[in-house]
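Worksheet: the structure to be examined is printed underneath.
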Amino acid sequence: MLPKVMICGSPRWAHDEINELFSGIAEVIVDDAPHRTEFFARFELGGPYEGTVGIYRRNISAARIGIYDRALIAGLPSSVKWIAHNGAGYDAVDATDVSRTVGIRVSNTPGAVDDATATTGFYLVMSCFRHFSWAERSLRAGTWKNPISSALTHDLTGHTIGILGLGGIGLRLAHLVHAFPMRVLYYSRNRNPEAPEWCEYVGSMDELCERSDVLSIHVPLREDTRNLVGETQIRKMKRGSIIVNTARGKVLDEEAVIRALEDGHLSSVGLDVFPNEPSVNPRLLEFPQNALLPHMGTETQDSQHHMEVRALTNLKDFLREGKGTDLVPEMRSKL
């Protein structure tokens, strides 16, 4: 009898790949439980989910059963050993002590989102420097360039970007902005050995903030990164500087940002993520120079297909080799 793997939130693009990846090595079942209580019930003896060993998870499933929080992880049967999350950010899956205690490993999809998310960040950087988002809105409103002013806009060339977290996305953004060229600084927990010589590592987040004209955030949301960029860090930045966030909304202290916009310490912010999506703080809309997007970072067919295949491949590798390639960092450190 083949082991069971569950599709929890059907892929949008990688339908053919499901059959290609799991043919002959697993029975694929599709979760369609209408709510969490029914989801758990179907794992019981004789239920359709009994014996499931691995789960592919897509964020769309949260509308039915919620995120994979501590309660959901703890309620999974002991047969489940791997959760393949479709996404680079994995704050919707509890990958902390609960997962490790019950013997479940969690993978994500780093790399698959690098280009799409970096180009989103690149657009936000450019739009904040040049007020392109504001300019398009003024054109659509029939006011042409009014009230856009060159006194408030700048070229990217010669300015300094500070990248907080030089992983795959941050490194891709570094290459994009270097073409102008912008000067590129970065700070991460560790130096990135793949960073080119023109990408300067700085010794602290404080130094990164102090030296940057624009700060671009690329760190995962964990308890230790919640409000990582707050009042102290923002006030260390130059007056008139910019913050761009394509990571997670809760990494950036929204109230501190609004205060800095109000008193002019920040000239603008470029945001693709917000603390309580899909709700957006209306106070952010009061600053027309801000460039705001509805979490568009991976909204391309190409990247979404790549993400789906990578997540499914992690699940296949677990079945065949006992492990997937993309175990999340917290779990790699415990092996």
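All residue numbers in this chain count up from 1 along the given sequence.
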Pair E200 + R211: basic N to acidic O under 4.0 Å: yes
Going by heavy atoms in the side chains, are I65 and L72 under 4.5 Å from each other? yes
With side chains defined as the heavy atoms from C-beta onward, is the minimum distance between D32 and R42 less than 4.5 Å? yes
Do W198 and H178 have side chains that get closer than 4.5 Å, going by heavy atoms? yes
Hits for salt bridge (Lys or Arg N to Asp or Glu O under 4.0 Å) against D114, two or more places apart or cross-chain, chain-then-number order -> none
Between E262 and R283, is the closest basic N to carboxylate O distance under 4.0 Å? yes
Is E207 salt-bridged to K236, going by a charged N under 4.0 Å from an acidic O? no
Minimal non-hydrogen separation, Q233 against G230, with atom names: OE1-N, 2.8 Å
Does this structure show an ion pair linking K238 with D213, if we count only N-O contacts that are shorter than 4.0 Å? yes
Approximate separation, where rounding is to 0.5 Å, of R226 CZ and D91 CG: 8.5 Å
Which value, rounded to the nearest 0.5 Å, describes the distance between S204 atom OG and E210 atom CD? 6.5 Å
In Å and rounded to the nearest 0.5 Å, what is the CD1 to CD distance from I258 to E255? 5.0 Å
How long is the straight-line distance from CG of N281 back to CD of E254, given to the nearest 0.5 Å? 4.5 Å
Does atom CG (L285) have a neighbourhood of more than 12 heavy atoms from anything else shown, all under 6.0 Å? yes
Polar side-chain atom of H159 near backbone of D155 as donor-acceptor pair, under 3.5 Å: yes
Would you check if L171 and E194 make a side-chain contact, meaning some heavy-atom pair closer than 4.5 Å? yes
D272 side, atom CG; H295 side, atom NE2 - distance, nearest 0.5 Å: 5.5 Å
Pairs flagged by ring-ring contact (aromatic ring centres under 6.0 Å, His included) wherever residues 18-44 is involved - sequence neighbours left out: F39-F43, F43-Y49
On a heavy-atom basis, which atom in L124 and which in A291 lie closest, and how many Å separate them? CD2-O, 3.6 Å
List the residues meeting ring pair (Phe, Tyr, Trp, His ring centres under 6.0 Å) with W13, not counting sequence neighbours, and say none if there are none. none
Verify, without hydrogens or angle tests, whether Q289 (side chain) and H131 (backbone) share a donor-acceptor contact under 3.5 angstrom. no
Of all heavy-atom pairs linking I67 and A92, the shortest is CB-O, 3.5 Å
Using every non-hydrogen atom in the two residues, find where S79 and G51 come nearest and quote the distance to one decimal. OG-C, 3.9 Å
Sidechain N-carboxylate O distance under 4.0 Å for D317, R310: no
Indicate yes or no: at least one non-hydrogen side-chain atom of I234 is less than 4.5 angstrom from one of L266. yes
Only pairs at least two apart or in different chains count here, so list each ring-ring contact (aromatic ring centres under 6.0 Å, His included) that has a residue in residues 74-123. W82-F318, F122-F180
S303 meets the side chain to side chain donor-acceptor pair (under 3.5 Å) criterion, sequence neighbours left out, with T300
If you take all heavy atoms of P220 and T225, which pair is closest and at what distance? O-OG1, 2.7 Å
Does the side chain of V184 reach to within under 4.5 Å of the side chain of I163, using non-hydrogen atoms? yes
Any side-chain donor near an acceptor of the partner, D326 and N108, under 3.5 Å: no
Nearest heavy-atom neighbours spanning R36 and A71: NH1-CB, 3.8 Å
Who else is in L139's hydrophobic cluster (ILVMFWY, side-chain heavy atoms under 4.5 Å, direct or via others)? W144
With a 4.5 Å cut-off on side-chain heavy atoms, are R57 and N86 touching? no
Would a 4.5 Å heavy-atom cut-off, applied to side chains only, mark S107 and L327 as touching? no
Please say yes or no: joined through hydrophobic side-chain contacts below 4.5 Å, possibly via intermediate residues, are V309 and L312 part of one cluster? no
Hey, could you give me the CG/CD1 distance between N290 and I243, rounded to the nearest 0.5 Å? 11.0 Å
